Amino acid sequence: MIGKLKHNLLLACLVISSLTVFYLGRYALECHHKIDHNGKHQQVLSNGRSLNYVSGTGFKNNSNRFVYNKDMPLIFIGGVPRSGTTLMRAMLDAHPDVRCGEETRVIPRILGMKHMWSKSVREKQRLDEAGVTDEVLDSAMQAFLLEIIVKHGEPAKYLCNKDPFALKSLTYLSKIFPNAKFILMIRDGRASVHSMITRKVTIAGFDLSSYRDCLTKWNRAIETMYNQCLETGFNKCLPVHYEQLVLHPTTWMKNVLKFLDIPWNTAVLHHEEMIGKVGGVSLSKVERSTDQVIKPVNIEALTKWVGKIPHDVVREMPVIAPMLAKLGYDPYANPPNYGKPDATVIENTKRVVRGFFQLPEFLQEHPKVEIKKIKERVRNVPQKDMPRTKE
């Protein structure tokens with residue numbers, strides 16, 4: 001009885017979600033929104049050939065309105081959580097022409113629902129019979145995702161989204177946004193898993209009490225995203241290793257901006273100075289990475305996982321996480337040798353270890369006890385815990 005009730009509830013939720021996305025898409029296709037200087041909405045009929053929108057945010061055109069559409073050069077940043085996705089988006093956010101903003105959380109969920117509908121042959125048949133074809137769903141997804149990406153932050157010439165697991169749908173996103181580009185953040189899975197476990201970062205499907213389970217899930221997730229990145233092509237998807245980004249930020253940010261066809265700006269190397277400023281980096285008070293990304297680029301966290309993973313898991317690492325070797329990591333190296341950091345990174349790390357950096361104003365609004373906790377996390381790092389690097 002209970003099982004049947006759960007099944008009926010799930011079916012009802014699926015139908016409601018399908019109808020919601022369908023009507024969102026129809027509404028977006030039927031009209032453009034125009035907001036005049038008084039903030040009043042008017043409807044402008046679409047020519048039926050494009051998904052152009054005119055709204056209060058987006059690209060600014062000659063009529064003092066902002067236009068955004070499916071053909072704009074969107075940027076998607078993703079990867080397994082705890083892989084440097086927040087750092088990458090903060091560095092890009094520091095660029096005056098780019099706006100990423102906080103995680104939306106809804107984008108990977110709606111993409112997951114779309115994947116579920118497509119995966120089920122029976123559900124696909126039902127949708128087709130109802131006239132909710134792939135074409136209709138794609139239009140609805142374009143409209144929904146664009147509205148979220150554009151309206152959850154300030155307008156900018158280049159808009160980007162950072163929801164880590166959105167890149168599980170990288171191939172599909174590339175299809176519905178033909179000019180989008182993707183940055184896949186890759187990090188040593190042992191470090192990612194140790195971070196999510198010690199910082200208690202809840203991720204659906206990951207058992208935070210088991211390194212073995214989390215490494216297995218990490219392997220599955222990064223394999224899915226990496227394979228789609230390869231399939232899409234390196235002209236549209238750029239894999240970036242977190243370790244190399246923090247060791248050599250200048251080199252890698254130049255690579256990233258060149259890949260995105262965005263002019264170089266040194267502001268991306270000093271994202272911590274742009275936090276909370278107009279046109280700078282906006283951070284969430286509830287995201288787990290906030291207390292780390294307020295620091296300058298440093299190597300404090302590179303090898304914190306060494307010596308913390310159970311011995312039986314370490315012995316079987318090549319079998320548990322074969323993607324480590326495929327991505328260029330030595331599964332037997334404890335500690336690993338990621339390379340030698342740039343001189344500026346060494347100085348940044350010394351500042352971080354000693355707690356010599358400015359706490360952003362928005363964090364100063366927190367209760368004193370919270371500020372104390374944040375400062376303690378960055379000050380109480382023994383010198384012996386400094387990462388090992390090549391000499």
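Model, not experiment: these values are computed from the prediction.
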Please give me the minimum heavy-atom distance between [X] and [Y], naming the atom from each residue.
X: V246; Y: P249; answer: O-CD, 3.7 Å
X: F206; Y: C214; answer: CE2-O, 3.6 Å
X: M185; Y: I222; answer: O-CD1, 4.4 Å
X: I275; Y: I294; answer: CD1-CA, 3.5 Å
X: I107; Y: A166; answer: CG2-CB, 4.3 Å
X: W305; Y: A333; answer: CH2-O, 3.7 Å

With a 4.5 Å heavy-atom cut-off, do [X] and [Y] have their side chains touching?
X: I110; Y: L145; answer: yes
X: K304; Y: T198; answer: no
X: T349; Y: V352; answer: no
X: V201; Y: S195; answer: no
X: D128; Y: V132; answer: no
X: V193; Y: I309; answer: no

By the disulfide bond (SG atoms under 2.5 Å apart) test, which pairs, at least two apart or in different chains, include something from [range]?
range: residues 251-307; result: none
range: residues 235-267; result: C229-C237
range: residues 157-187; result: C100-C160
range: residues 253-286; result: none

For side-chain contact (heavy atoms from CB on, under 4.5 Å), just list the numbers for W117 and L137, CA-CA rounded to whole Å, side-chain angles, deciding distance to a tenth of an Å, and then say yes or no. CA-CA 10 Å; W117 299 331; L137 279 175; 3.8 Å; yes

Under the salt bridge (Lys or Arg N to Asp or Glu O under 4.0 Å) rule, collect the residues that match up with [X], sequence neighbours excluded.
X: D134; value: K124
X: E316; value: R212
X: K181; value: D261
X: K217; value: D213

Is a side-chain N or O of [X] found less than 3.5 angstrom from the main chain of [Y], in a donor-acceptor match?
X: N219; Y: L215; answer: no
X: H194; Y: T303; answer: no
X: S120; Y: M116; answer: no
X: N161; Y: F76; answer: no
X: S139; Y: E135; answer: yes
X: H241; Y: E243; answer: no
X: S174; Y: T232; answer: no
X: R99; Y: P155; answer: no

Any chance you could measure [X], atom [atom1], to [Y], atom [atom2], to the nearest 0.5 Å?
X: N227; Y: L170; atom1: CG; atom2: CG; result: 11.0 Å
X: E223; Y: W218; atom1: CD; atom2: CH2; result: 10.0 Å
X: I149; Y: L159; atom1: CD1; atom2: CG; result: 8.0 Å
X: Q244; Y: R187; atom1: CD; atom2: CZ; result: 13.0 Å
X: R315; Y: I320; atom1: CZ; atom2: CD1; result: 10.0 Å
X: H271; Y: L92; atom1: NE2; atom2: CG; result: 11.5 Å

Identify whether [X] and [Y] are in the same connected component of the hydrophobic contact network (ILVMFWY, side-chain heavy atoms under 4.5 Å).
X: M113; Y: V121; answer: no
X: V98; Y: V278; answer: no
X: Y329; Y: V319; answer: no
X: Y211; Y: Y332; answer: no

Under the side-chain hydrogen bond (donor to acceptor under 3.5 Å, both in side chains) test, which residues partner [X], sequence neighbours left out?
X: K175; answer: D138
X: T344; answer: none
X: D188; answer: R190, Y338

[X] and [Y] ion-paired at < 4.0 Å:
X: E102; Y: R89; value: no
X: K350; Y: E347; value: yes
X: K162; Y: E103; value: yes

Can you confirm if the NZ or CZ of K258 lies within 45° of the ring axis of W264 and under 6.0 Å from the centre of its six-membered ring? no

Steps toward side-chain hydrogen bond (donor to acceptor under 3.5 Å, both in side chains) verdict (K114, S118): CA-CA 6 Å; K114 170 62 174 65; S118 301; 2.8 Å; yes

Taking atom types as modelled, is there a side-chain donor on [X] or [Y] under 3.5 Å from an acceptor on the other?
X: T171; Y: Q228; result: yes
X: D342; Y: H248; result: yes
X: E147; Y: Y68; result: yes
X: D163; Y: T104; result: yes

Mind running side-chain contact (heavy atoms from CB on, under 4.5 Å) on N179 and M72 for me, showing each step along the way? CA-CA 6 Å; N179 294 321; M72 66 193 301; over 6 Å; no

I'd like to check the side-chain contact (heavy atoms from CB on, under 4.5 Å) partners of L238; sequence neighbours left out, ordered by chain and number. V240, V256, F259

